[in-house]
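Working notes for the structure below.
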Number of protein chains: 2
Amino acid sequence: MSKVTIYDVARVADVSLATVSRVLNNPEKVKPKTRERVLAAINELGYRPNAIARGLASRRSTNVGLIVPTCSRASVSEMIDGVADIADKYRYSVFLNVTHNENDIATNVWQNMIASQVDGVLMMADKLSDDEIERLANDTVPTVLLSVKDLDGRLPAVLIDYELAAYEATKKLIENGNKDIAFITSSSYYAMNELKEQGYRRALAEAGLEPRILGLYNKFENSLEAFKEFFANNAAPDAALAVRDSVAVMFMNAAIEHGISVPNDLEIIGFQNTKYAIMSRPQLSTINIPTYDIGAVAMRLLTKLMKEEEVTETQITLPHSFVWRSTTK
Amino acid sequence: MSKVTIYDVARVADVSLATVSRVLNNPEKVKPKTRERVLAAINELGYRPNAIARGLASRRSTNVGLIVPTCSRASVSEMIDGVADIADKYRYSVFLNVTHNENDIATNVWQNMIASQVDGVLMMADKLSDDEIERLANDTVPTVLLSVKDLDGRLPAVLIDYELAAYEATKKLIENGNKDIAFITSSSYYAMNELKEQGYRRALAEAGLEPRILGLYNKFENSLEAFKEFFANNAAPDAALAVRDSVAVMFMNAAIEHGISVPNDLEIIGFQNTKYAIMSRPQLSTINIPTYDIGAVAMRLLTKLMKEEEVTETQITLPHSFVWRSTTK
DNA sequence: TTGAAAGCGCTAACAG
DNA sequence: CTGTTAGCGCTTTCAA
């Protein structure tokens, strides 16, 4: 569409194209009067610089890549909103790519993005191999990890201390006098969930209690059935910590249908503080995670990295908190 | 990073850069033997074509723009997944932009995307003015509307017949013998919700019943309070249709806390068939919307439009269905 | 079947 | 402060 090029503007304003380029990129270097003439011409013609040509000439695209496993989990969609808002603010465009949690895809996508000349990338991907981390860390275009981090801290990252959060939640459950505390986790393999499990185990170990891990199926509907079956065939635990609010609510619903009273016979804590927690009955006690902020802070960090500003803190841990509602005593 | 250019490949393969370009874009026009030599060189050097340079030279970017009001509503995040999957399949990259429902922003974003040389755009935006629609429709880069449509059908669109869905749901409620049927809507202005309201009103009008519209606040927490207040100060309706599952569940929870029995004293139907509907107690009857498919189908339609293939049907209505659970008799 | 050459629309030295 | 001049890395005629 935009058939109007920088040449047209230059002609109308009666200057060289270099001057037009200057008022666009370094307006202070142009005499006010000329600048105005150029601006007027731009307006008159409805000129919009061609981002691609600009990218080619300047070797900077003002594009960033965003790699996520999926959009349709609240924990990631809110983060995307955070990324998008800050990107917008700094006038970056964001390339979205969803990998469905397949790692080789993530790495491949990353390479494609680099080839597409993004200036930086935000990546949410589990279990990157050492080689992969090495490659990301050594590339000239900066990559920031979302929610997860590599253990050696080679890559910038914005995350939550999931281990600590789970540890503290479990500890609370222990303090409330519970002995048989279950951990309800997902069968799919998330690094995040592994950290949560570690925190859970640490708290139990300190108290000399036995862990009890309950896996569940990826498919939502199957999980409900699985939970029902669980309560039909097993002694119910005294308390439970779940990897996500939705999981916690499903577990709770199954328990209640089995005649168990929450929180009297069974205390439950979720993870994330989503709407699920408010909408369940009883309302779910949960760990509040600043999801939006993870995205926003990561994007902000990335802008600094891209501008090669001095960044003191390259691995940022955002604070979690607890929201005590009606599923805990 | 990819410092390797097409020249390097040409040199190593001992051909001209034109030939390398050909094996990339029209492999059949190159003698198999040469082709293999080039391919080998590409492999050896780890060459990846620079998407930006390619875009500039070919005037096609293989990028599409995706404009949404937010990511963190299930109805849009699932759609995004649909778009992303199909885009991936056709090797398009997607530029994501969230507008927070502000229309002037959406139009502006659209222009920026066009300037960024996208080959097409998918847009979810309410209440576009006639001028805006005109502009989108007349541009050389195709735009497909998501979920909403312009009334004259000038723009391609993929959507649900929300009016009909609401009409049918309301009719079911009427057939069940309810007289006082409420419509629970959001105070923010969505074209979609307006259509739902129209369907609701049509069904009531046909039955000679009076409509009863209940607005609610945008903020989730406030809504719960508002609903509680509603039940404290007003006669409860016999039945209700809500614009979203989450709204339906909140309304139901408030009702139940007020001592109303669902579905005996109050029948409720939601919209969307999200996890909320399964996780509520009782489980919510709702209208199933193929959210993922809206995105997927729209993206597929867009690829055709971009290739200038013949498209017979430019406004596609996807089917809805009903899921009767425990909040209806 | 291949190569030479002319751009795509812009930025960025370098002069002036 | 402004203009001239090279490219950025690739596609695409046009000839050979």
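Residue numbers begin at 1 in each chain, while the letters A, B, ... track the order of the sequences.
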Would you mind reading off the distance between [X] atom [atom1] and [N] atom [atom2], rounded to a whole angstrom?
X: A:I6; N: D:dC8; atom1: CD1; atom2: C1'; answer: 15 Å
X: B:I52; N: C:dC10; atom1: CD1; atom2: P; answer: 14 Å
X: B:L17; N: C:dT1; atom1: CG; atom2: P; answer: 19 Å
X: B:N25; N: D:dT13; atom1: CG; atom2: P; answer: 12 Å
X: B:L56; N: D:dT11; atom1: CG; atom2: C1'; answer: 10 Å
X: B:N26; N: D:dT12; atom1: CG; atom2: C1'; answer: 10 Å
X: A:R11; N: C:dG9; atom1: CZ; atom2: P; answer: 13 Å
X: A:N50; N: D:dC8; atom1: CG; atom2: C1'; answer: 13 Å

Can you tell which of [options] lies closest to the side chain of [X]?
X: B:S21; options: D:dG9, D:dT12, D:dT4; value: D:dT12
X: B:S58; options: D:dT11, C:dC10, D:dT2; value: D:dT11
X: B:R59; options: D:dC8, C:dT11, C:dC8; value: C:dC8
X: B:R54; options: D:dT2, C:dG9, D:dC10; value: D:dC10
X: A:Y7; options: C:dT2, D:dG3, C:dC10; value: C:dC10
X: B:A57; options: C:dG3, D:dT11, D:dG3; value: D:dT11

Looking for any heavy atom pair under 4.0 Å, which part of the strands does B:V20 touch: base, sugar-phosphate only, or nothing? nothing

Could you tell me whether the phosphate oxygens of C:dG3, OP1 or OP2, come under 4.0 Å of any side-chain nitrogen or oxygen in B:T19? yes

Using only side-chain N and O atoms of A:T34, determine if any of them is under 4.0 Å from OP1 or OP2 of D:dT2. yes

Of A:R60 and B:D14, whose nearest nucleotide on DNA chain C comes first from the 5' end? B:D14

Evaluate whether atom CD of B:E28 has more than 12 neighbouring non-hydrogen atoms of other residues, nucleotides or ligands under 6.0 angstrom away.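 Count over threshold, so yes.
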
Neighbour count above 12 (heavy atom, 6.0 Å) for B:K31 NZ: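 It does not: B:K31 NZ has 12 such atoms or fewer within range.
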
Once hydrogens and angles are ignored, does a donor-acceptor distance under 3.5 Å link the base of D:dG3 to the side chain of A:R22?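 Result: at least one qualifying N/O pair found.
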
Side-chain ion pair, B:D293 and B:R300, N-O less than 4.0 Å: no

Considering only NZ, NE, NH1 and NH2 on the basic side and carboxylate oxygens on the acidic side, decide whether A:R154 and A:D130 come within less than 4.0 Å.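 Yes, this pair counts.
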
Test your reading of the model: is there a side-chain donor-acceptor pair from B:D119 to the backbone of B:S61, 3.5 Å cut-off? yes

